[in-house]
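Encoded as structure tokens, the structure appears first; notes follow it.
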2 protein chains.
Amino acid sequence: MMATSTFSMDGMLAQLEADTRTRLLEGAQRVALPAGRVVFRAGDACQGLPLVLSGVIRVQMTGASGNSIVLYRIGEQDVCTLSVGCLMAARGYRAEAVVEEAAEVLILPLALFEELMAASPKFRREMMAAYGRRLDDLMLLVEEVAFRRMDDRLEDWLALRGSDTVIDITHQALAEELGTAREVVSRLLKELERQGRVSLGRGRIEVRVPFAR
Amino acid sequence: MMATSTFSMDGMLAQLEADTRTRLLEGAQRVALPAGRVVFRAGDACQGLPLVLSGVIRVQMTGASGNSIVLYRIGEQDVCTLSVGCLMAARGYRAEAVVEEAAEVLILPLALFEELMAASPKFRREMMAAYGRRLDDLMLLVEEVAFRRMDDRLEDWLALRGSDTVIDITHQALAEELGTAREVVSRLLKELERQGRVSLGRGRIEVRVPFAR
DNA sequence: ACCCCCTGTGTGACTTTATCACTGATACGC
DNA sequence: GCGTATCAGTGATAAAGTCACACAGGGGGT
């Protein structure tokens with residue numbers, strides 16, 4: 001919890017004025033979250049604004065049918081914009097968040113958030129930028145889900161992991177990435193295997209021919 | 001263009017400190033937009049932050065296939081959060097906006113926006129709240145599109161217009177509201193007509209039995 | 001080693017939605 | 001009244017989602 005802690009030089013903390021950063025680091029609570037930890041669930045009240053120092057947090061949503069879809073991820077030196085709305089409107093979350101890679105997170109109390117918003121142009125700028133990214137992520141997602149074919153989207157997803165030849169993921173988890181059903185993913189993958197483009201194992205996809213993006 | 005102009009008492013302008021409101025009204029450009037006017041298209045650069053005084057602006061997105069979906073609407077005393085991201089990142093819009101009901105809009109230049117963000121806690125609060133609403137709208141939309149059945153969604157849409165017994169809309173426009181194809185809407189509506197729940201005319205849906213929500 | 005059991009995968013049957021290709025119907029201008 | 005543009009209806013087919021169930025792999029316990 002020292003203001004002298006190290007942090008990456010290209011992230012949002014490095015962008016801030018020195019005194020703003022100091023104030024932030026001393027006023028926020030620092031917590032370590034192990035992989036798999038559920039940060040919040042749909043309906044939970046919000047405790048403060050999380051700022052991810054390291055690791056990755058996945059934000060996803062579950063429909064009435066029980067199906068889930070991954071909305072976006074919060075990476076290094078990114079904030080959980082969703083929390084701002086929950087904090088200010090004092091209502092519950094609509095989505096849930098799970099730690100994907102063990103993370104260190106700063107939790108800014110509402111008062112500190114408002115203090116920094118008032119005091120620091122750079123903090124304001126970073127907050128607005130974070131909101132912009134989230135809005136963008138979600139708009140892209142809406143377009144994908146509404147208009148693109150599942151086989152295309154699956155190939156895109158595989159292409160994003162292009163460098164790894166072996167991907168460790170279950171069909172169920174992949175279905176949740178794409179917001180579809182496990183059976184659909186199984187069938188599409190099987191077809192790719194028939195075409196010789198991947199080999200499948202239990203919880204494993206081996207990419208034989210890299211997917212272009 | 002007078003700071004003494006009338007505005008609704010429950011909207012965001014009424015929430016602001018008096019001097020902030022004055023500064024806003026005198027620093028912003030006021031424009032009248034007729035129904036049907038395209039405010040911006042995908043790829044357009046952003047001129048300033050629009051704040052809707054009256055009327056309604058629809059924000060929608062068009063996929064590669066040519067299909068469109070309505071993302072959300074900007075109503076009275078709401079701001080176009082999308083523009084903030086475009087302004088600050090100086091990149092183009094990803095969606096398009098069309099005036100649905102003739103609107104009066106204030107355009108805040110970037111400098112004025114930043115000035116007000118620095119000076120006014122209430123302006124900041126309203127901006128964050130607007131962002132929160134948009135994020136919420138989009139998350140709800142993702143869930144709808146990803147998981148809900150089209151017949152349900154159509155009935156919900158009709159239920160929202162519940163009080164009017166006659167709705168003037170083409171199947172094409174309704175398909176764009178829901179992000180589906182015109183034929184799908186035609187078939188679903190025809191089925192509702194067979195069930196005696198609506199009567200159909202050219203560009204007209206007459207609700208016989210109101211839809212519950 | 002063997003079996004059990006949990007989790008993950010494969011697949012058929014069927015429904016819903018999307019797409020394509022048309023045809024037919026309605027309103028409106030000239 | 002006629003031509004034309006827009007709107008709506010519909011069959012055929014493909015893609016995706018749902019339901020039900022069989023089977024496979026792998027780790028833990030005895």
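Numbered from 1 within each chain, the chains take letters A, B, ... in sequence-line order.
Rounding to whole angstrom units, CG of residue A:Leu188 and P of D:dA16 are separated by 6 Å. Counting to the nearest Å, the P atom of D:dA16 and the CD atom of A:Glu144 are 13 Å from each other. Atom CZ of B:Phe147 is separated from atom C1' of D:dA16 by 14 Å (rounded to the nearest Å). Between A:Glu191 atom CD and D:dA14 atom C1' there is a gap of 14 Å when expressed in whole angstrom units. Following rounding to the nearest Å, A:Ile69 (CD1) and D:dG17 (C1') show an atom-to-atom distance of 14 Å. Taking atom CD of B:Gln172 as the reference point, atom P of C:dA25 lies 21 Å away to the nearest angstrom. Rounded to an integer number of Å, the gap from A:Arg148 CZ to D:dA15 P is 16 Å. The separation between B:Arg187 atom CZ and D:dG11 atom P is 8 Å, rounded to whole Å.
Checking D:dA8, C:dT11, D:dA16 against the side-chain heavy atoms of A:Ser186 singles out C:dT11 as nearest. Closest approach to the B:Glu183 side chain among D:dT18, D:dT10, C:dG8 is made by D:dT10 (side chain taken as heavy atoms from C-beta onward).
Taking 4.0 angstrom as the limit, B:His171 places none of its side-chain polar atoms (N or O) nearer than this to OP1 or OP2 of D:dT6.
A:Glu114 has no carboxylate O lying under 4.0 Å from a charged side-chain N of B:Arg124, or vice versa, which leaves the two without a salt bridge. Taking the charged nitrogens against the carboxylate oxygens, B:Arg133 and B:Asp78 do have a contact shorter than 4.0 Å, which makes a salt bridge. Contact check on A:Asp156 versus A:Arg148 returns a salt bridge, with a Lys/Arg side-chain nitrogen under 4.0 Å from an Asp/Glu carboxylate oxygen. Using a 4.0 Å cut-off between charged side-chain N and carboxylate O, B:Arg208 and B:Glu206 make a salt bridge.
Between B:Tyr131 and A:Tyr131, the ring planes lie parallel to each other; the angle is under 30°, not in the 30° to 60° tilted range.
Toward the 5' end of DNA chain D, the nearer of the two residues B:Leu200 and B:Arg149, judged by each one's closest nucleotide, is B:Leu200. Along DNA chain C, the nucleotide closest to A:Arg202 and the one closest to A:Ala146 are compared, and the more 5′ of them pairs with A:Arg202.
At a threshold of 4.0 angstrom between heavy atoms, the contacts of B:Arg182 include nucleobase atoms, whether or not backbone atoms are also involved. Residue contacts for B:Thr180: at a heavy-atom cut-off of 4.0 Å it reaches the sugar-phosphate backbone alone, with no base atom in range.
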